Amino acid sequence: MKPKAYSYIRMSTDIQLKGDSLRRQTEESKRYCDENGLELVEDFKLQDIGVSAYRGRNVAQGELGRFLSLAEGGLIPKGSFLIVESLDRISREKPQTAVALFLQILESGVDIITLTDRRIYRSGSADVSDILMSVLIMARAYEESRTKGLRVGAAWENKRKNIHEKKLTQVAPAWLRLSEDRRAYNVIPERVAVLQAIYNDADKGKGSFQIARKLNLDGVPTFAPSKGWHESYVSKLLTNRSVLGEFQPHRYIEGKRTPAGDPIADYFPAVVSQDQFERIQAGRAVRKIRGSGRKGRDNVNLFSGVATCGYCNGKMMIVDKGTGPKGGVYIRCDNARRGNDCWAAMWPLKHLETAFLFFVKELDLQSLIVESSAKDARLLAEGQLATISNELTKKKKMRDSAFELLSDDSVGTDFVREKLADLASEIQRLEKEQAEINSQAKQELARQADRDLDVRTLIEAISAGPKENLDSRIAVADWIRRNVQQMKIYPDGRDGPQREIDRMSASLDPDVAKLLEASIAFTKRNNALVDGSHRHFSVGFGGHRFRAVDVDRNDPTKHIVMTFMDDDSWETDRAT
């Protein structure tokens with residue numbers, strides 16, 4: 001039987017695959033086996049593509065390590081051959097480490113063949129020249145890798161130092177092109193206009209799918225060869241910090257593109273404001289958690305992902321019963337719809353929407369859907385708050401990491417304590433700035449509420465036909481998702497569904513049940529202010545801020561009782 005041979009191919013990056021190296025090495029191994037009476041084992045893939053030998057990953061995690069384990073376990077026949085292009089394919093680590101690996105392979109009973117010089121290193125040989133040769137080759141390979149790394153690193157560091165005089169690379173975002181003197185990137189006006197339109201739509205609460213669909217329907221040319229706009233590409237544009245002028249250099253490490261150093265500010269021309277960018281990221285984060293509703297839907301559920309049933313905590317769904325005397329569009333608990341231990345009634349959707357928009361003063365319709373200075377001020381405040389929130393998250397993570405370092409004896413505590421003091425001061429400054437912006441926004445909202453605005457007209461505009469009001473409804477739904485942490489809906493009032501009351505009464509002692517029924521009837525008859533049968537909803541904004549409203553069944557702009565609380569006050573307003 002012919003001795004078995006295994007061809008080992010290692011390439012530090014996949015760039016070499018684009019050339020002819022893989023085919024060449026494979027064919028050379030076959031030719032050598034044919035010429036020397038060896039059987040090449042072709043169904044044993046012994047390749048480490050994109051795995052570095054400079055740090056030994058091909059042994060620790062790669063195919064070469066697996067092969068060596070099999071050989072030492074007796075699963076590779078002794079007297080087999082390992083074919084490599086040269087010894088530096090096996091290792092580029094320090095000479096002592098590399099030679100130890102070389103000898104370990106030979107001791108496992110496997111001979112090594114190097115194709116470049118047709119040399120055979122035999123497992124049973126004690127030839128000192130073989131060992132010396134391996135030391136020389138691997139030492140040279142290690143020095144070459146080390147020198148190359150230092151040179152490449154130095155070259156990139158030099159480029160970074162002169163980055164504002166001459167750009168690092170010709171590669172640029174799709175809306176920019178490098179100038180002929182390589183000193184600046186110039187905007188491509190028509191593409192920047194498209195990019196800014198994408199950001200403006202996202203700022204209104206539209207998702208990537210809706211934006212991509214609109215671009216395709218409008219026939220807007222794509223930035224790259226592609227059959228139309230895709231949701232994934234729009235998402236990449238909306239999260240690409242290059243729009244702010246930032247550039248993040250990368251290096252290939254172990255075959256992977258890895259960030260190298262901190263981002264460089266003002267490298268590209270900024271085409272989107274920081275406030276708008278952070279505002280959009282905050283909105284996308286909320287939609288990722290709560291969802292953005294059904295994609296492509298003509299109508300928009302204002303309360304999607306927010307409203308839940310006050311009785312069973314089930315999801316609230318839109319139910320369209322069509323036209324006719326018993327038709328209409330309603331919102332209903334999904335558990336009740338499916339008969340799953342809930343008996344809540346339906347609430348006409350327009351009635352609930354009107355009540356919510358009319359009574360929830362925290363939502364300023366004027367600044368939300370009407371182009372005005374108030375809208376500009378609201379957007380600015382939201383952007384500033386999103387930016388501060390992002391910075392606070394980063395600083396608090398750094399503070400937590402610094403606290404962990406205090407328990408590390410190898411780190412100087414004086415340095416850590418100084419860092420903690422700096423972070424505490426920065427966090428305090430950001431929180432103060434956050435509180436000031438919130439206070440200003442609250443004052444502006446109060447001024448808007450005092451103005452003689454026809455809120456009913458704005459509400460009617462939002463409730464018009466879906467196609468006419470789509471942008472306004474998207475904006476309102478986006479505000480609700482961002483600001484409302486919890487919304488409970490009680491279509492049958494706080495007392496609960498009558499069927500549920502009857503079911504509970506049936507389980508009570510007959511005399512107790514009669515007493516309960518009489519008590520409820522007396523309350524409803526003599527004191528409507530505490531009548532729990534009125535339709536009711538409550539909205540929580542986080543912290544101690546909430547609003548709860550009992551709504552008249554006939555007039556959604558008339559309340560029976562309304563209670564609200566913010567950080568400063570608590571108030572209950574009863575209808576007279």
Side-chain angles (χ1 to χ4, degrees), residues 301-321 325-337 339 341-363 365 455-456 459-460 462-463 473 476-477 480 484-504 517 519-541 546-565 571-576:
N301 178 5
L302 300 184
F303 312 114
S304 176
V306 178
T308 57
C309 176
Y311 311 120
C312 72
N313 207 38
K315 292 182 179 180
M316 300 301 294
M317 311 292 290
I318 300 299
V319 178
D320 190 344
K321 300 182 72 67
K326 296 184 179 180
V329 181
Y330 301 84
I331 191 166
R332 189 181 190 189
C333 171
D334 189 46
N335 285 334
R337 183 181 66 85
D341 289 333
C342 187
W343 290 267
M346 297 185 290
W347 191 333
L349 183 60
K350 187 173 181 180
H351 187 283
L352 174 61
E353 287 183 353
T354 301
F356 182 93
L357 297 173
F358 192 83
F359 292 116
V360 178
K361 304 300 183 181
E362 289 79 3
L363 192 164
L365 282 177
V455 179
R456 287 181 175 81
I459 294 173
E460 198 60 38
I462 293 173
S463 302
R473 291 184 67 83
V476 172
I480 293 173
V484 176
Q485 289 194 2
Q486 177 179 272
M487 179 178 179
K488 295 290 186 181
I489 294 179
Y490 301 79
D492 300 282
R494 287 169 291 171
D495 285 344
Q498 185 61 44
R499 182 175 174 180
E500 178 67 1
I501 295 172
D502 294 341
R503 188 176 72 88
M504 290 175 61
E517 182 180 350
S519 175
I520 293 174
F522 176 82
T523 301
K524 291 180 179 180
R525 186 170 58 253
N526 294 284
N527 193 351
L529 297 182
V530 292
D531 182 355
S533 67
H534 295 289
R535 285 175 178 149
H536 175 85
F537 71 87
S538 63
V539 182
F541 298 97
F546 75 88
R547 187 175 292 268
V549 187
D550 283 357
V551 186
D552 186 280
R553 287 182 174 271
N554 298 315
D555 184 357
T557 63
K558 179 181 178 182
H559 71 281
I560 307 301
V561 180
M562 178 165 61
T563 303
F564 54 93
M565 178 179 181
E571 188 172 340
T572 297
D573 179 17
R574 291 181 170 84
T576 56

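Just so it is clear, the model here is predicted, and its values are computed rather than measured.
- Under the 30°/60° scheme for interplanar angles, the aromatic rings of F537 and W347 are found to be tilted.
- Proximity of a side-chain donor or acceptor of Y311 to a complementary backbone N or O of D492 within less than 3.5 Å is detected.
- With rounding to the nearest 0.5 Å, the separation of CZ in F359 from CE in M562 is 6.0 Å.
- Annotation: the span from I489 atom CD1 to L352 atom CG amounts to 5.0 Å, rounded to 0.5 Å.
- With a 4.5 Å cut-off on side-chain heavy atoms, R332 and M317 do not count as touching.
- Although no hydrogens or angles enter the test, the distance criterion places no donor-acceptor pair under 3.5 Å between the side chain of D550 and the main chain of H534.
- A distance of 6.0 Å separates CE of M316 from SG of C309, quoted to the nearest 0.5 Å.
- Under the side-chain contact (heavy atoms from CB on, under 4.5 Å) test applied with F356, the options V551, V549, V539 reduce to a single match, V539.
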- [ ] Begin from the C-alpha positions of F303 and M487 and carry the test side chain to side chain contact (heavy atoms under 4.5 Å, CB included) through to its verdict.
- [x] CA-CA 8 Å; F303 312 114; M487 179 178 179; 3.6 Å; yes
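- Heavy-atom minimum distance, N554 versus D552: N-OD1, 2.7 Å.
- You'll find the side chain of H536 stays beyond 4.5 Å of the side chain of K488, heavy atoms only.
- A donor-acceptor pair is defined here as one N or O able to donate and one able to accept, closer than 3.5 Å; such a pair exists between the side chain of H351 and the backbone of R553.
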Task: Verdict with supporting geometry, L302 and R473, side chain to side chain contact (heavy atoms under 4.5 Å, CB included) - done: CA-CA 7 Å; L302 300 184; R473 291 184 67 83; 3.8 Å; yes
- [ ] Verify side-chain hydrogen bond (donor to acceptor under 3.5 Å, both in side chains) between K315 and T308, making sure each step is shown before the conclusion.
- [x] CA-CA 5 Å; K315 292 182 179 180; T308 57; over 6 Å; no
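- Side-chain contact between S538 and R494 is absent, with no heavy atoms from C-beta onward closer than 4.5 Å.
- Side chains of F546 and Q486 form no contact here, defined as non-hydrogen atoms less than 4.5 Å apart.
- In this structure, CD1 in I459 is found 8.0 Å from OG1 in T557, a value given to the nearest 0.5 Å.
- Distance check: W343 CH2 to C312 SG gives 10.0 Å after rounding to the nearest 0.5 Å.
- Note that CG of L349 is 4.5 Å distant from CD1 of I318, once rounded to the nearest 0.5 Å.
- Counting only heavy atoms from C-beta outward, the side chains of L357 and L363 approach each other to under 4.5 Å.
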